[in-house]
Protein chains: 2
Amino acid sequence: MKKLIIKKDKTIRQKVYHHIREEILKGTIAPKDRLIEAKIAEEIGTSRTPVREALHNLELEKLVISIPRVGYVVRGMDMEEVEQICEIRAAIEGLAIEWAVRKQRDRLIQSLKRNIANQKKHITKGNLNGYVEFDAQFHDIIARLAGSERLLELTQTLRRHMLRYRIQCIYMTETAERSLHGHERIVDAIEKGDFVEVAVAVKTHLIQARDDILYYVFRDADDNKA
Amino acid sequence: MKKLIIKKDKTIRQKVYHHIREEILKGTIAPKDRLIEAKIAEEIGTSRTPVREALHNLELEKLVISIPRVGYVVRGMDMEEVEQICEIRAAIEGLAIEWAVRKQRDRLIQSLKRNIANQKKHITKGNLNGYVEFDAQFHDIIARLAGSERLLELTQTLRRHMLRYRIQCIYMTETAERSLHGHERIVDAIEKGDFVEVAVAVKTHLIQARDDILYYVFRDADDNKA
DNA sequence: GCCTAGGGTACAGTATACAAAATAATGAAA
DNA sequence: TTTCATTATTTTGTATACTGTACCCTAGGC
């Protein structure tokens, strides 16, 4: 009878959803692992119903694959998909910056600079764990200030998918430093007001992230397919 | 005991899902309408379970809003959201064209030209009903040839959301003609191999669609909010 | 030895019963 | 008449029992 992590969710379904999602993203449950309603239900001490519904949500989010009357399997991604997500993210986050600048330029720049200061602090202290937080926050600030719930969720979902693999290399100082530098370039471009430069900076940053993933994660194995 | 439309779906859940989705998109069920598990279940002669799960899917797709222990409501969109979706679509479909061109340029152009020929045929015959089909197909061809399941679904979802409102004005000859012209411009740009021109054409096309919706649908009322 | 058929198992899919919560309705007191 | 508390009602959330299907494995024929 395992304890669930997240408390604020109202329904069991949501708790289970976040719980399993976290386990998949952290890698506690690996791609190709099978998820069985009844087993999970027993593990966390509930009935099949909420588990089942949580799994359906995860399926829609493309974190698990459901084969009717057979079972659920944790989904994995191959290199190609990582590349695709990177490009999609670049396009969408570019858009997000445009919107955010148009709506609240000053606040955006201010928030991002404060965030970058924090990123630096944690890197120099060697606290990569803390850095990852602010890395995520950087992109979140942009998406939030863009002022579109839809865009926000879209970016978050895509970012989550990447983080799942990125988490395996973001804890290296060099990777983190490259990432920080990418963020700085983006902010510079925003401050200059040069949208083309922003687009390039965003794309470069994400290509960097992609390459890190491809190098560190997919170096040898491509048994991650699903 | 209403008949369900789609046959190929294996599970009742999927049938119900598509059934309700169609009704929402067609407007048979209007924004703000309440959806009650038990009632729907009775209507289509099944139990609450599959209905419930279908509604959850629709919630994830943002077609309905679910308030725990209170009920489900059909979601509506305001002007702002329509605008946002247009811009997101422009960004993503621009990307889709890039990928499709890179991977199978000739086939893409060929398919699109054939599609446009069909569009023209139906417009000149005044068969706007048929035109709508090929309008959708045009964007589908691009997304499919881009070769990314993820991108495909993304574009389809966003397009569906717009179609929900666009359907109210696409049946006017002028709107359809403007749309056709937009498609032609896109294909021209693709053939020229000018990606900047493509991006502009896509954006223009979608802005056109947006303006049509804003003009014909949101002209007076903004009681569509949800 | 290989292929096929039949039955058993392990799941998810569906139905139904019950619990919990939010809202609406009711009635009494100020 | 208004307001507040209390009760009914409505509707989802959860639990559980049952059904249906895909897969595996074994046995029997070729």
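In what follows, every heavy atom counts, from backbone to side chain, and hydrogens, waters and symmetry copies are set aside.
Remark: B:Arg210 engages no residue in a side chain to side chain donor-acceptor pair (under 3.5 Å) (not counting sequence neighbours). Listed by chain and residue number, nothing satisfies the side chain to side chain donor-acceptor pair (under 3.5 Å) test with B:Arg34 (two or more places apart in sequence, or in another chain). Not counting sequence neighbours, the partners of A:Leu206 by the side chain to side chain contact (heavy atoms under 4.5 Å, CB included) test are A:Arg89, A:Ala90, A:Val202. Under the rule for a salt bridge (charged side-chain N to carboxylate O under 4.0 Å, His left out), B:Glu149 has no partner lying at least two apart in sequence or in another chain.
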Return all side-chain donor-acceptor pairs below 3.5 angstrom for residues 62-69 of chain B, not counting sequence neighbours, or 'none' if the list is empty.
| unit_1 | atom_1 | unit_2 | atom_2 | d |
| --- | --- | --- | --- | --- |
| B:Lys62 | NZ | A:Glu153 | OE1 | 3.1 |
| B:Lys62 | NZ | A:Glu153 | OE2 | 3.0 |

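Between the CD1 atom of B:Ile65 and the P atom of D:dT11 there is a distance of 18 Å, rounded to whole Å.
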(request) For nucleotides 7-15 of chain C, just jot down a letter per nucleotide in 5' to 3' order: B, S or -, based on protein non-hydrogen atoms under 4.0 Å. (result) ----BBBBB
